[in-house]
Every structure is written in C-alpha cells, then in structure tokens.
Amino acid sequence: MRVIVALDDSEGSFYALQWTLDNLTNGITASNESSSESGMLTLVHVQQPFHPAIYPVGPGGAAFYTPPAVMESVKKAQEESSAAILSRGVKMCRKKKIKEETLILEGDPKDMICQATEQLHVDLLVVGSRGLGKIKRAFLGSVSDYCAHHAKCPILIVKPPKETTATKP
C-alpha cells in the first residue's frame, strides 16, 4: 500500500501522521525490511512559491523591485522550514520503524497534493483538518475539502480530537 501524508506546520497535520502511524501501518513495511512489493509512506510538504513584489516609489511611477538578496533569503528560509517540518515527520516514522520517503513540492498545496497522488499512483491520501467552520472555509479555503473532491484516490481526513474541558466538581 502506498500512502501519502500531507504535512504543513500545523499540529493537525502531525496529528494526522500520528494517527496514520498508529492505525494504518499494516500495509506499510517496517524500515528494516526491504521488499519490492512493500508499502511506502510518503511525507509531502508543499511550499508556497515566492512572488517578488514591485513597489511604486515616489511620483512618476518609479518602481522598486525586490532585491535578489532578499529573494534568496526568503527561499532559504522556506527550504529550512520545509526541512524542519519533514524532519519532524521522519522522526515520528522512525520511532514506529516505518519506511518513509519525503517530497517537497512548490505551488498551491491543494493542486500539488492532488497531482502528487496521481503521479505516484497512491492508494490513500491522508490529510489533517483544522476544523474550520463553513464561513471560514469559504473565505480561507480548505486543502482537505479540495482534495476530498479532486484527488484521484481515496482520501482520509483526520480531525484532531475535540478539546475536553474539565468538569466542575
């Protein structure tokens, strides 16, 4: 079984990974086994592309472009963030002795995740949910909602547990 878990910097995505490791590891081979027919867990992180900005400066329509040093600095920060996110996911997999691979993509997360499921011939896509209400989801969009309607494979949306409030004695 080939499974993709989409990760971002939210706790919801790491909860989805932990849920996958706890509940769906029968079809995924342990990291010390090697078989061409074994399953694989792929951790995917999608970076938003950096769009350099053009700022109007002063009268007459003069323009200020983002300096190359700033663009390189932002790109490096994105790469470091992606590496940290995937490193955390890899550590979680290795604790459970699950074979994993990582993939960093660039673009709109909704589209790139769906494209990756097609290109990698995935059996299951697992995504976390932030639990947005209908109004927030309409304005902010929802990666999990989009993938549920557009992915060409089964999708599992893992919701985080509801916060339990302590009852008064």
Undergrad: Minimum heavy-atom separation for Ser129 to Pro160, with atom names?
TA: O-CD, 3.1 Å
Undergrad: Less than 4.5 Å apart, any side-chain heavy atom of Thr42 and any of Val122?
TA: no
Undergrad: Say you draw a straight line from CD of Glu101 to CE of Met40; how long is it, rounded to the nearest 0.5 Å?
TA: 4.5 Å
Undergrad: Please lay out, stage by stage, how Leu41 and Leu17 fare under the test side chain to side chain contact (heavy atoms under 4.5 Å, CB included).
TA: CA-CA 10 Å; Leu41 180 64; Leu17 174 58; 4.1 Å; yes
Undergrad: List the atom of Thr117, the atom of Lys152, and the distance in Å for their closest heavy-atom pair.
TA: OG1-N, 4.3 Å
Undergrad: Atom CZ in Phe14, atom CG in Leu21: separation rounded to 0.5 Å?
TA: 11.5 Å
Undergrad: Quick one: do Lys75 and Glu106 satisfy side chain to side chain contact (heavy atoms under 4.5 Å, CB included)? Show the steps, please.
TA: CA-CA 11 Å; Lys75 187 77 172 163; Glu106 186 173 313; 2.6 Å; yes
Undergrad: When you compare the side chain of Pro109 with that of Gln48, does any pair of heavy atoms fall below 4.5 Å?
TA: yes
Undergrad: Specify the closest pair of heavy atoms between Cys147 and Lys110, including all atoms of both residues, with the distance to one decimal.
TA: SG-O, 4.2 Å
Undergrad: For Leu43 and Gly89, work out which heavy atoms get closest and say how close.
TA: CD1-C, 3.5 Å
Undergrad: Using a strict 4.0 Å threshold on nitrogen-to-oxygen distance, state whether Lys96 and Asp22 make a salt bridge.
TA: yes
Undergrad: Sub-3.5 Å donor-acceptor pair from the side chain of Thr20 to the main-chain atoms of Ala16, do we have one?
TA: yes
Undergrad: Nearest 0.5 Å please: distance from the CG atom of Leu120 over to the CG atom of Leu125.
TA: 11.0 Å
Undergrad: Atom SG in Cys153, atom NE2 in His121: separation rounded to 0.5 Å?
TA: 11.5 Å
Undergrad: Between Ala6 and Val127, what is the shortest heavy-atom contact and its length?
TA: CB-CG1, 3.8 Å
Undergrad: Does this structure show an ion pair linking Arg88 with Glu11, if we count only N-O contacts that are shorter than 4.0 Å?
TA: yes
Undergrad: Determine whether Val126 and Tyr146 fall in the same hydrophobic cluster, where Ile, Leu, Val, Met, Phe, Trp and Tyr are linked whenever their side-chain heavy atoms lie under 4.5 Å apart.
TA: no
Undergrad: Taking only residues two or more places apart in sequence or in another chain, which ones pass side-chain hydrogen bond (donor to acceptor under 3.5 Å, both in side chains) with Gln78?
TA: none
Undergrad: State which residue, out of Arg2, Lys91, Arg94, fulfils the salt bridge (charged side-chain N to carboxylate O under 4.0 Å, His left out) condition with Glu100.
TA: Arg94
Undergrad: Roughly how far, to the nearest 0.5 Å, is the CG atom of Leu156 from the CD1 atom of Ile4?
TA: 13.5 Å
Undergrad: Check whether Trp19 and Val3 end up in the same hydrophobic cluster, where Ile, Leu, Val, Met, Phe, Trp and Tyr are linked by side-chain heavy atoms less than 4.5 Å apart.
TA: yes
Undergrad: What heavy-atom pair brings Pro154 and Asp123 nearest, and what distance separates the two atoms?
TA: CD-O, 3.3 Å
Undergrad: Under the side-chain hydrogen bond (donor to acceptor under 3.5 Å, both in side chains) test, which residues partner Thr102, sequence neighbours left out?
TA: none
Undergrad: So Val143 and Asp8, side chain to side chain contact (heavy atoms under 4.5 Å, CB included) or not? Walk me through it.
TA: CA-CA 11 Å; Val143 172; Asp8 60 15; over 6 Å; no
Undergrad: Look up atom CD1 in Ile113 and atom NE2 in His45, then write down how far apart they are to the nearest 0.5 Å.
TA: 10.0 Å
